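A quick note: this is a predicted structure, and the numbers were derived from the prediction, not measured. Each chain gets a letter, A, B and so on, in the order the sequences are listed, and its residues count up from 1.
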Number of protein chains: 2
Amino acid sequence: MSVANRKAKEKEALKALILKGAKRLFIEKGIEQTTIRNIADEIDYSVGTVYVYFKDKNAILHDLHSIGFQELGGYFEELFSIEDPMERLRKMGFTYIKFALENQEMYDLMFNLKAPMEFLESSEEGGWNEGLVTFNSVKTTVQQCIEKGHFKGHNMEPLSFMVWSLVHGMCCLEIRQRTKGLKFTNPDTILLDGYNEYLKIIDRL
Amino acid sequence: MSVANRKAKEKEALKALILKGAKRLFIEKGIEQTTIRNIADEIDYSVGTVYVYFKDKNAILHDLHSIGFQELGGYFEELFSIEDPMERLRKMGFTYIKFALENQEMYDLMFNLKAPMEFLESSEEGGWNEGLVTFNSVKTTVQQCIEKGHFKGHNMEPLSFMVWSLVHGMCCLEIRQRTKGLKFTNPDTILLDGYNEYLKIIDRL
DNA sequence: TACAAAAAATGAACAATGTTCAAAAATAAA
DNA sequence: TTTATTTTTGAACATTGTTCATTTTTTGTA
């Protein structure tokens, strides 16, 4: 059994190597500018080998999208030590924006590109688990806010979706160059300025 | 002069024909699935001809993105007869969502795809005029709300950006399949339910 | 009308991409 | 050592955006 065992580990290692190389190139020169040949070159394997370990490009992009969610989880970790749900909700949005701006290509992959979702559709997996888990962080926190007497007259799930949309929308516009295309009074701080307006609002609810 | 004149008009007509064919295919089978050869076939011209009238694919996508903004302008038209700025702001968001859902490929092109912005960067045009005009509709309305005593303690531009991000974020998540990937309690109405939470909030400001 | 010049349209050809698969190389089992 | 299995390879294919020398059409002139 030890040989088969080692082989299995080697397979996993190579898979991880491919993902690591792909991620490096994605961040370095953009996802669209990265080809399978580039990835193969980067890790000194042939094109064919990549296709032994991944069904197609979508599979690579999906696995990398999952890694992105792990990393987002790392950013979120410190949030769960915050007792006050309102304070946690405030910081959560800020952390989300921080992650998006510091990991633009990964964020794009996680929340914008079609590839990961196309992979899900063509696979037997139940649904978008990564998104579900992240959205649950928001929902749970909003629920606790409600239980503490905030957000009177609001519904938990739609309100959570609204909050998520708000931060996602800002990140999206920024990453897809729709803020650079415009000319804001304070172009460098428009995301945080916008988020601050939101903070002012929920502080009163 | 009449010949040169007619020629110029014919050139414009063919350009428009190409754009019309492209748009039809985009809506029918998606932007990513549409090739220049497809477009040429659709209008019974050769590939080369398309390149006589457009520098590259980005140029087509940019022009089509501008057409999208004209269409969005059509949706917005009735808004300007609404006197009360708060009421106008409410309806504006709703109209925006309606446009996005009824014209998903076009919306994607206008607010998500990189092509139109890449075209702008490689051209001598000043900036993203289409986006500027649309965002001005929001800003003007928010400004009028402020002048009427609403949104006390808020700043016009960041607040407008926040509002835009909120609706854009919802549309974006929907169009890029991040709501289908999740499982909402009411999947079919999550956008409107989310928007309603927003309405409840601003009604109090 | 006939014919040369200009303009417009063409499609074969190129480089780059994702993908496949028979063959080669490396490893394991006997 | 020899055979069987696994892993790796890279040439080949279809499809893409793009170019450009050539052909076709239109215009201007005698």
How is [X] classified with respect to the nucleic acid when contacts are heavy atoms under 4.0 Å: base, sugar-phosphate, or nothing?
X     : result
A:F54 : nothing
A:T35 : sugar-phosphate
B:L14 : sugar-phosphate

Practice prompt. Apply the test side chain to side chain donor-acceptor pair (under 3.5 Å) to residues B:D193 and B:T189: give CA-CA distance (whole Å), side-chain angles for both, the deciding distance (0.1 Å), then the verdict.
Written response: CA-CA 6 Å; B:D193 292 347; B:T189 57; 2.9 Å; yes

Response to the item:
With sequence neighbours left out, the residues meeting salt bridge (charged side-chain N to carboxylate O under 4.0 Å, His left out) with B:K180 are A:E121

Practice prompt. Evaluate the side chain to side chain contact (heavy atoms under 4.5 Å, CB included) criterion for residues A:L61 and A:F26: first the C-alpha distance (whole Å), next the side-chain angles of each, then the deciding distance (0.1 Å), finally the verdict.
Written response: CA-CA 10 Å; A:L61 290 170; A:F26 284 179; 3.4 Å; yes

Please give, in whole Å, the distance from [N] [atom2] to [X] [atom1]?
X     : N      : atom1 : atom2 : value
A:E10 : C:dA26 : CD    : P     : 15 Å
B:D41 : C:dT10 : CG    : C1'   : 13 Å
B:K9  : D:dT26 : NZ    : C1'   : 19 Å
A:K11 : D:dT8  : NZ    : C1'   : 13 Å
A:Y45 : C:dA25 : OH    : C1'   : 13 Å
B:E32 : C:dT17 : CD    : C1'   : 14 Å
A:K55 : C:dT19 : NZ    : P     : 8 Å
A:Q33 : D:dG17 : CD    : P     : 15 Å

Please determine whether a side-chain nitrogen or oxygen atom of [X] lies at a distance below 4.0 Å from atom OP1 or OP2 of [N].
X     : N      : result
A:Y53 : D:dT7  : no
B:T49 : C:dA9  : no
A:Y51 : C:dT19 : yes

Worksheet item: Considering only side-chain heavy atoms of A:V47, which listed nucleotide, D:dT18, C:dA9, C:dT19, is closest?
Response: C:dT19

Discussion item. Checking contacts here: which listed nucleotide (C:dG18, D:dG17, C:dG11) is nearest the side-chain heavy atoms of A:I36?
Written reply: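 Closest of the options to the side chain of A:I36: C:dG18.
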
Discussion item. If you assign A:N38 and A:G48 each to the DNA chain C nucleotide with the nearest heavy atom, which residue ends up on the more 5' nucleotide?
Written reply: A:N38

Worksheet item: Closer to the 5' end of DNA chain D via nearest nucleotide, is it B:D56 or A:D44?
Response: A:D44

Discussion item. For A:V52 and A:R37, find the nucleotide of DNA chain D closest to each by heavy atoms; which residue's nucleotide sits nearer the 5' end?
Written reply: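 Looking at the nearest nucleotide for each, A:V52 comes out on the 5' side.
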
Worksheet item: Would the number of heavy atoms belonging to other residues, nucleotides or ligands and lying under 6.0 Å from NZ of A:K91 be above 12?
Response: no

Practice prompt. With A:K98 as the cation and A:Y75 as the aromatic partner, state whether NZ or CZ is under 6.0 Å from the six-membered ring centre and within 45° of the axis.
Written response: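 Judged by the rule, A:K98 and A:Y75 form no cation-pi pair.
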
Worksheet item: Does A:K23 pair with A:E71 as a salt bridge, N-O distance under 4.0 Å?
Response: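 Judged by the 4.0 Å cut-off on N to carboxylate O distance, A:K23 and A:E71 do form a salt bridge.
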
Fill in: Heavy-atom pair with the smallest gap, counting every atom of A:M170 and B:S165
CG-OG, 3.0 Å

Worksheet item: So, for B:E157 and A:K183, which heavy atoms are closest and what is the spacing to 0.1 Å?
Response: OE2-O, 4.3 Å

Fill in: Terminal axis angle for the helix from C:dT1-D:dA30 to C:dA30-D:dT1, five pairs an end, nearest 10 degrees
20°

